[in-house]
Amino acid sequence: MLDKTFDPKAVEPRLYAAWEASGAFKPSEDPNAEPFVIVIPPPNVTGSLHIGHALNNTLQDVLTRFHRMRGKAALWLPGTDHAGIATQMVVERQLAAAGNIGRREMGREAFVEKIWEWKAESGGTIVNQLRRLGASCDWSRERFTLDEGLSAAVRKVFVQLYKQNLLYRDKRLVNWDPQFQTAISDLEVEQKEVDGFYWHFAYPLADGVTYQHPVAFDEDGKATAHETRDYIVVATTRPETMLGDTGVAVHPTDERYKDLVGKFVTLPIVGRRIPIVADDYADPTKGSGAVKITPAHDFNDFGVGKRAGLAVINILTVEAKLNDSVPADYVGMDRFVARKAIVARAEEEGWLKEIEKTKHMVPHGDRSGVVIEPFLTDQWYVDAKTLAQPALKAVENGDTVFEPRHWEKTYFEWLRNIEPWCVSRQLWWGHRIPAWFGPSTDPNDKDQFTSKIFVGETEEDVLAEAAAYYGPKVQLGFTDGLVFVDRNEQGELTRVDLKRDEDVLDTWFSSALWPFSTLGWPEKTEDLARFYPTSTLVTGFDIIFFWVARMMMMGLHFMGEVPFKQVFINALVRDEKGAKMSKSKGNVMDPLVLIDELGCDAVRFTMTAMSGQARDIKLSKQRIEGYRNFGTKLWNASRFAQMNECVRVEGFDPATVQQPINKWIRGETVKTVAEVTRALEAPEFDAAATALYKFIWNVFCDWYLELAKPILNGDDAAAKAETRATAAWALDVSLKLLHPVMPFITEELWDKTAEFGPARDGLLIVEKWPQLPETWIDAEAEAEIGWLVETVGEIRSVRAEMNVPPSAKPPLTLIGASAETKARLARHRDLLLTLARLDSAREAEAAPAGAVPFVLGEATGALAIAEFIDLAAEKARLTKEIAGHAGEIDKTNKKLGNPDFLARAKEEVVAENRERLAEAEAAKAKLEAALARLAAVG
RNA sequence: GGGCGGCUAGCUCAGCGGUAGAGCGUCUCGUUUACACCGAGAGGGUCGGGGGUUCGAUUCCCUCGCCGCCCACCA
């Protein structure tokens with residue numbers, strides 16, 4: 001006997017272990033099985049499961065289980081990401097908290113060792129939490145972005161891109177994070193609006209130059225007065241950058257400054273003579289129309305400087321302090337301290353013309369939260385523009401489809417405007433860049449010691465390249481220190497020790513390879529041949545750029561095929577008020593706590609049901625409780641079945657059932673199978689959840705089991721046997737359909753019911769997905785049970801409205817019933833009596849006195865409840881019903897009275913309206929007659 | 001500045017060209033031998049505003065208004 005409720009806590013670990021041990025998570029080895037493959041968005045190896053993971057991984061598991069049951073070779077490939085900055089940051093913090101020496105004092109090797117220790121300690125957390133979620137990943141194929149195989153893939157990709165000129169080293173401005181002291185990509189920069197100021201500075205003109213500047217204007221904006229100025233005004237939000245100014249730009253057509261182009265200003269504080277140049281970048285409508293140019297610390301200014309041939313002076317250190325390119329007073333000063341100091345000095349010296357309050361966007365590091373500085377450094381870049389073209393095409397022509405489709409616009413927008421991708425990071429945790437520096441033999445190269453680069457997958461490859469470059473007489477080696485060079489007396493090279501690039505690659509560089517690197521690439525493995533391209537990628541929209549687009553680029557470039565055919569973008573989980581969950585707000589819902597409290601299946605069903613498209617998911621605990629209740633409902637239905645000996649029957653064929661209710665539930669089951677299958681194929685997760693919920697609760701429990709009770713308690717042995725077998729069958733089908741979403745409770749019920757009926761072995765997880773013939777839908781049974789359900793509903797409604805106590809069992813009379821209705825009444829009289837709590841049900845010519853009428857198709861029902869009738873209430877009820885019909889009639893008449901409607905609307909629509917009109921008119925007439933009788937009485 | 005999404009019952013959301021739906025909440029009734037994590041019933045919406053297309057618009061188009069998000073070089 002089943003317990004009264006399902007106990008998820010006891011069942012979940014046991015079943016998961018059984019599944020895993022059975023090998024059911026591995027893809028079928030049947031060569032004829034069509035593959036279905038998902039690669040997991042690898043979570044941070046040291047992370048833990050949050051609600052977003054719960055959603056994302058539930059959906060992946062639903063798909064995986066569904067396709068596995070459909071007989072496909074289903075592979076859900078799990079793994080974790082080393083998460084460069086994030087992990088390095090965590091470990092640095094831990095070291096600091098423990099009072100340890102910092103990473104720089106510790107040194108690279110020791111620090112990386114610490115991270116590996118941390119990974120060993122916490123690295124199993126998230127994968128075990130995925131198990132608690134029921135994730136049917138093939139753990140035997142689990143990968144980690146820094147494992148040997150994936151690292152080899154990364155090296156190979158780097159070298160190949162380099163050789164194809166799609167990856168190069170360049171000196172340009174990058175987004176510099178002074179906290180982590182590394183370059184970051186554009187995507188890792190967050191623009192935040194902050195309160196700030198425009199400080200207007202007057203830069204004095206050099207060489208005694210003056211000009212006329214307009215100061216008053218007429219209505220048309222024409223200057224009417226001018227003053228003589230010996231300075232030019234520029235505005236800035238970052239005064240400290242003035243120390244690196246090497247020019248002032250004005251627009252070439254700007255009349256005000258026309259004569260100043262080619263003249264010079266003397267930069268205050270610094271005393272540098274810098275030119276006034278003409279450049280389209282200067283916007284005459286903004287500020288004074290003149291703009292200070294700091295090529296080394298502003299992306300726009302860098303461009304202006306390049307065009308105008310201005311000097312590039314870097315004034316910052318890696319920590320964003322002023323370096324020794326600035327006047328001595330400021331050297332070593334923090335950038336924000338310097339800002340204040342410079343403003344103070346400007347005021348003191350009289351060249352601060354104005355302070356204007358403003359709100360403006362300031363770039364911040366998404367991890368560090370500090371203000372990013374544009375900074376001139378040498379970095380590695382991927383030519384994303386070139387790689388983006390096939391990635392664009394593949395989505396344009398539908399090789400890869402986004403679901404929901406509108407995300408494609410986001411994808412296109414970014415790829416069409418893509419910039420070179422800075423892939424080097426000045427971090428220690430990650431894939432070290434396989435590039436080595438040596439001296440250039442070209443005397444024109446500026447930096448003789450590091451300007452020759454050798455790129456190779458192995459040190460052997462690099463030595464071979466170097467040997468080819470330096471010639472056989474040069475002895476080659478490697479060094480951890482500076483590049484070492486020895487020369488003979490003639491100045492010829494005799495020895496070179498190459499130095500490997502210190503930097504590591506952006507984490508997303510390795511993630512971009514995930515769909516093929518995890519399958520064994522660059523080896524030609526069986527998995528790679530069988531499982532690439534993958535089927536569906538399930539991920540959040542926040543990483544379409546970071547990850548999806550880059551996988552597309554790399555997949556197409558290295559595999560020649562898209563990495564996945566479908567991208568399902570899931571929503572973002574928010575709290576019940578729609579706020580983003582965050583620790584600081586204290587509104588975080590921990591999926592593991594929810595699983596503990598309400599069971600994994602309830603959490604999973606919630607995620608599935610709420611995964612409607614293109615929307616935030618506002619998650620409330622109440623909702624999860626509702627779905628926990630749904631599980632309990634299913635459990636109790638199974639308990640009822642068990643109590644009533646509804647056990648599976650060997651060789652039972654639903655096609656042979658005779659009882660109308662059994663024919664009916666058979667058809668409903670067929671429809672549900674079709675709908676759930678369709679929904680999961682799409683996938684429309686919410687539609688699948690809705691179909692399952694409605695079928696199991698509102699159809700099977702609310703009606704089928706209730707309708708079955710009289711038979712199960714009756715004496716018709718044949719009908720009883722048939723109903724038992726049908727109930728067991730429908731329940732079995734339900735368990736299968738629900739299994740992808742609620743794997744634990746369905747598996748448990750499957751296993752428990754295996755104890756009864758004919759022997760069956762195996763777990764539900766490996767069962768085949770049902771596929772039922774449409775011919776099992778019986779229109780007549782459907783109509784008949786529909787009639788029964790409607791009749792019961794009407795009677796219940798009347799009883800409730802008339803306050804008829806449940807104990808009262810009034811007789812029912814049917815007036816004007818058709819032969820078909822009479823037959824139905826005869827067939828289901830017992831059911832009707834039980835479900836509607838009636839004493840009797842018979843046909844008659846006229847309603848008995850004091851009976852309450854209601855419309856039932858062509859017939860009129862009359863419930864003899866004279867003793868409960870409140871005349872006023874009954875009048876009100878009838879009047880309301882009549883008004884309802886009258887409204888309907890009115891509306892429909894209008895339609896049918898419109899010749900255009902008759903002429904142009906589809907025939908079946910017209911027919912439908914005619915029918916509706918007739919029904920409404922008949923119903924209204926009956927009720928009006930009843931009301932008239934009532935009026936006569938009262 | 002550019003783009004995307006949303007605005008449907010008190011709340012959360014389906015529906016997306018032919019009679020407005022669900023869950024939760026609310027109200028009424030109910031200890032009928034699966035289930036009170038339950039059952040029965042009821043109330044509740046001019047589908048954000050305004051135009052247009054159409055025989056017909058919550059559904060398609062335009063426009064406006066809010067709300068949210070993404071991108072954009074911080075004079």
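A note on names: the letters A, B, ... follow the listed sequences, proteins ahead of strands, and every chain is numbered from 1.
Inspection of the E794(A) and S797(A) side chains reveals no N or O donor paired with an N or O acceptor under 3.5 Å. For the residue pair T294(A) and D245(A), a side-chain donor N or O sits within less than 3.5 Å of a side-chain acceptor on the partner. Side-chain N/O atoms of K292(A) and T241(A) include a donor and acceptor closer than 3.5 Å. Side-chain atoms of Y627(A) and D601(A) include no donor-acceptor pair closer than 3.5 Å. Using modelled atom types and a 3.5 Å distance limit, the side chains of E373(A) and H297(A) yield no donor-acceptor pair. Using modelled atom types, one finds no donor on one side chain facing an acceptor on the other under 3.5 Å when comparing K894(A) with T892(A).
Ring geometry for F568(A) against F685(A) counts as perpendicular: the plane angle is over 60°, on a 0 to 90° scale with 30° as the lower cut. Ring planes of F197(A) and W199(A): tilted class, angle from 30 to 60°.
Near RNA chain B, meaning a heavy atom under 4.0 Å away, the residues from residues 284-305 of chain A are K286(A), V291(A), N300(A).
Listed nucleotides: rC73(B), rC35(B), rC55(B). Nearest to the side chain of K4(A): rC35(B). In the set rA34(B), rC74(B), rA42(B), rA34(B) carries the atom at the smallest distance from any side-chain atom of N636(A). Each of rC37(B), rU12(B), rA34(B) was ranked by its minimum atom distance to the side chain of T5(A); first place goes to rC37(B). Taking the side chain of D702(A) as heavy atoms from C-beta on, and the options rA34(B), rA40(B), rA36(B), the nearest nucleotide is rA40(B). The side chain of T237(A) lies closest to rC74(B), out of rC74(B), rG25(B), rA34(B). Here the nucleotide nearest the side chain of R628(A), chosen from rC37(B), rA42(B), rC35(B), is rC37(B). Closest to the side chain of F545(A), from the set rC35(B), rC70(B), rG43(B), is rC70(B).
Taking atom P in both rG10(B) and rC35(B), the straight-line distance is 36 Å, to the nearest Å. Across rU46(B) and rU8(B), the matching C1' atoms stand 12 Å from one another, rounded to whole Å. Separating the P atom of rG39(B) from that of rC4(B) is a span of 45 Å, rounded to the nearest Å. The gap from the C1' atom of rA57(B) to that of rC16(B) amounts to 10 Å, rounded to the nearest Å. If you take atom C1' in rA22(B) and the same atom in rG15(B), they sit 10 Å apart, rounded to whole Å. To the nearest whole angstrom, the two P atoms, one in rG43(B) and one in rU54(B), are 39 Å apart. Rounded to the nearest Å, the gap between the C1' atom of rA14(B) and that of rU53(B) is 27 Å. rA9(B) and rG21(B): their C1' atoms are spaced 10 Å apart (whole Å).
In summary, R877(A) and E874(A) engage in a salt bridge, as defined by a charged side-chain N under 4.0 Å from a carboxylate O. Salt bridge annotation for R628(A)-E597(A): absent, with no cationic side-chain nitrogen under 4.0 angstrom from a carboxylate oxygen. No salt bridge links K357(A) with D195(A); every basic N to acidic carboxylate O contact stays at or beyond 4.0 Å. Contact check on K924(A) versus E921(A) returns no salt bridge, with no Lys/Arg side-chain nitrogen under 4.0 Å from an Asp/Glu carboxylate oxygen.
Nucleic acid contact for S797(A): sugar-phosphate only, since backbone atoms but no base atoms lie under 4.0 Å from a heavy atom of the residue. Looking at heavy-atom distances under 4.0 Å, K880(A) makes contact with sugar-phosphate atoms alone, never a base. At the heavy-atom level, M643(A) lies under 4.0 Å from the strands shown only through sugar-phosphate atoms. As judged by a 4.0 angstrom heavy-atom cut-off over every strand, A903(A) is placed among residues making no nucleic acid contact.
Between H364(A) atom NE2 and rA72(B) atom P there is a gap of 16 Å when expressed in whole angstrom units. Straight-line distance from the CG atom of D195(A) to the C1' atom of rC74(B): 13 Å, rounded to whole Å. When the P atom of rC4(B) is taken as reference, atom CD1 of I544(A) falls 14 Å away, rounded to whole Å. Look at CG on D686(A): it is 7 Å from P on rA14(B), rounded to the nearest Å. Counting to the nearest Å, the C1' atom of rC13(B) and the CD atom of E684(A) are 15 Å from each other. Taking atom CD1 of residue I569(A) and atom C1' of nucleotide rC4(B), one finds them 13 Å apart after rounding to whole Å. Separating the CD1 atom of I745(A) from the C1' atom of rC37(B) is a distance of 11 Å, rounded to the nearest angstrom.
Between the side chain of K409(A) and the base of rC4(B), no donor-acceptor pair under 3.5 Å is found. Side-chain to base pairing of E706(A) with rA34(B): one donor and one acceptor N or O lie within less than 3.5 Å of each other.
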Quick tally for nucleotides 27-32 of chain B: nucleotides whose base has a protein heavy atom under 4.0 Å get B, sugar-phosphate-only ones S, the rest -, giving ---S-B
In the 5'-to-3' direction, what one-character label does each nucleotide of nucleotides 17-23 of chain B receive under the scheme B = base within less than 4.0 Å of a protein heavy atom, S = sugar-phosphate only, - = no such atom? -BBS--S
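Map Q622(A) and R796(A) each onto its nearest nucleotide of RNA chain B; the residue landing nearer the 5' end is Q622(A). Between W703(A) and K709(A), it is K709(A) whose nearest contact on RNA chain B lies nearer the 5' terminus.
A close approach under 4.0 Å does not occur between any side-chain nitrogen or oxygen of K894(A) and OP1 or OP2 of rG56(B). Remark: N629(A) is in phosphate contact with rC38(B), judged by side-chain N or O atoms under 4.0 Å from OP1 or OP2. Dashed line: the shortest gap from a side-chain N or O of W697(A) to OP1 or OP2 of rG39(B) is under 4.0 Å. Close to rC11(B), at under 4.0 Å from its OP1 or OP2, lies no side-chain N or O of S620(A).
For the ring pair (Phe, Tyr, Trp, His ring centres under 6.0 Å) test, residues two or more places apart in sequence or in another chain that qualify with F630(A) are F605(A), Y693(A). K633(A) meets the salt bridge (Lys or Arg N to Asp or Glu O under 4.0 Å) test with no other residue; sequence neighbours excluded.
Geometrically, R339(A) does not engage F336(A) in a cation-pi contact, judged by NZ or CZ lying under 6.0 Å from the ring centre and within 45° of the ring axis.
By the 4.5 Å heavy-atom criterion applied to side chains, L415(A) and F545(A) are not counted as neighbours.
RNA chain B forms stems at B:1-7 with B:65-71, B:10-13 with B:21-24, B:26-30 with B:38-42, B:48-52 with B:60-64, each a run of 3 or more consecutive Watson-Crick or G-U wobble pairs whose two key distances fall under 3.5 Å.
Minimum heavy-atom separation, Y203(A) to P268(A): CD1-CD, 3.7 Å.
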